Amino acid sequence: MNVNLINEKFQEKFGSQGELFTSPGRVNLIGEHTDYNGGFVFPGAIDKGMVAEIKLNGTDKVRAYSVDLEDYAEFGLNEEDAPEASWARYIFGVCREIQKRGGKIAGFDTAFSGDVPLGAGMSSSAALESTFANALNELFSLGIDRFELARIGQSTEHNYCGVKCGIMDQFASIFGKAGHLMRLDCRSMEFEYFPFDPEKHGYKVVLLDSVVKHELVGSPYNDRRASCERVAAVLGQEFLRGATMEQLDTVKDKISEEDYKRARYVIGEEQRVLDVCEALKRDDYETVGKRMYETHWGMSRDYEVSCEELDFLATVAQECGVTGSRIMGGGFGGCTINLVKAELYDSFIATAKSRFAEKYGHEPKVYAVVISDGARRL
Ligand code: GLA
């Protein structure tokens, strides 16, 4: 992350110096589309994120500069002041959600930059929201607890960015801890840190980015959520969480074929997260990998959030003998997350690159995963 460039731009735009805050993107080992179903997720924060330099400016206006987009926006803090630029709406949304919770904030200047690849399913938007939620909480001494900071980011997505997302990404970005994944129960919000050190056991975790643009705004993401809510309602439950396949089968003729498949994926995924956590306790990476493949094909065939390129990457992984591979994040493009034996790593990456390039005309991008800390002051 180029902090010097942020400093330089802040100085150039605002003629002073502010304080630095950062929040990371995330990976998710397993538990996809379970968060808004009240289920379990198993994410970790990564060493890529957003950094913002911020200084209170004594006015009632926010003046924001996106270093990466070379774009500037200025807006007030009332509902009618919502900026046009979508990147600025994330910052505006965080301000508004803080205010709705009774937080007293005022104008500030900011320049920010990130190194989470956009649209890769690594939660660049949660990194942005968490950076500002955490920074404003500190700078205005608001005393908001960390769960609420995550909810502020989530409500920003719902109310200002058009994505009815769950809590996983913002939670991971705020609560991340180096060397640990977190199993979060999205119904009770109880969570547990799990030490995660695959290298110690001869494995590596790597992301392969198909570079297929992933866009959740106004996307089928919200439709998936609506399917799940319809099935939960027919089952007489608040969430799909806790429903069994047998229960689902008893209502099969009351729901559409499509909703049935969506729910079948979610119910299966619930159990897979728990299996993976248990397997990790025994250092049983083979089971972890098996469940990852099951998730991939469930997301592809039942939940229908994959795409040709991601199915291709998972297939190549399987053919190369990779332990586990699956689409990561919301879907519709982005990355696969791969659990691969150290001795297979180089040949897998080389094969995946060349076969993908042969078919799609460009190589996938490769990101090593380093599990890192959550939102903090720099
Ligand atoms: C996106 C959402 C999350 C979660 C994942 C899928 O990243 O922001 O809340 O639903 O998709 O697991």
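This structure is a prediction, so every number in the text was calculated from the model and none was measured. As the structure lists them, so they are numbered: ligands from 1, and atoms in each ligand from 1.
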[X] N/O under 3.5 Å from ligand 1 N/O:
X: Gly166; value: yes
X: Thr34; value: no
X: Tyr36; value: no

Next on the checklist: side chain to side chain donor-acceptor pair (under 3.5 Å) for Arg151 and Gln154? Distances and angles first, verdict last.
Outcome noted: CA-CA 5 Å; Arg151 288 197 192 93; Gln154 184 192 22; 5.6 Å; no
Numbered atoms of ligand 1 (with element) below 4.0 Å of [X], judged on heavy atoms:
X: Cys165; value: 2 (C), 8 (O), 9 (O)
X: Met168; value: 4 (C), 5 (C), 12 (O)
X: Tyr221; value: 1 (C), 2 (C), 3 (C), 4 (C), 9 (O), 10 (O), 11 (O)
X: Asp35; value: 3 (C), 4 (C), 9 (O), 10 (O)

Checklist entry - In terms of heavy-atom contacts, does CD of Glu343 have more than 12 from other residues, nucleotides or ligands at under 6.0 Å? => result yes
Next on the checklist: Would you say that more than 12 heavy atoms from the other residues, nucleotides or ligands in this model lie under 6.0 Å from the NZ of Lys200, or not?
Outcome noted: no
Checklist entry - Under the criterion salt bridge (Lys or Arg N to Asp or Glu O under 4.0 Å), which of Asp169, Asp373, Asp47 is the partner of Arg26? => result Asp169
Checklist entry - In this structure, which one of Arg262, Arg264, Lys261 forms a side chain to side chain donor-acceptor pair (under 3.5 Å) with Asp302? => result Arg264
Checklist entry - Within 45° of the axis and under 6.0 Å from the centre of the six-membered ring of Phe194, does NZ or CZ of Arg183 qualify? => result no
Next on the checklist: Against ligand 1, does Ser123 come closer than 4.0 Å with any heavy atom?
Outcome noted: no
Item to check | Non-hydrogen atom of Arg26 closer than 4.0 Å to ligand 1 | outcome: yes
Checklist entry - For atom 1 (C) of ligand 1, which candidate among Asp169, Ile327, Val305, Asn37 provides the closest heavy atom? => result Asp169
Checklist entry - Picking from Trp87, Phe21, Tyr65, what satisfies ring-ring contact (aromatic ring centres under 6.0 Å, His included) with Phe112? => result Trp87
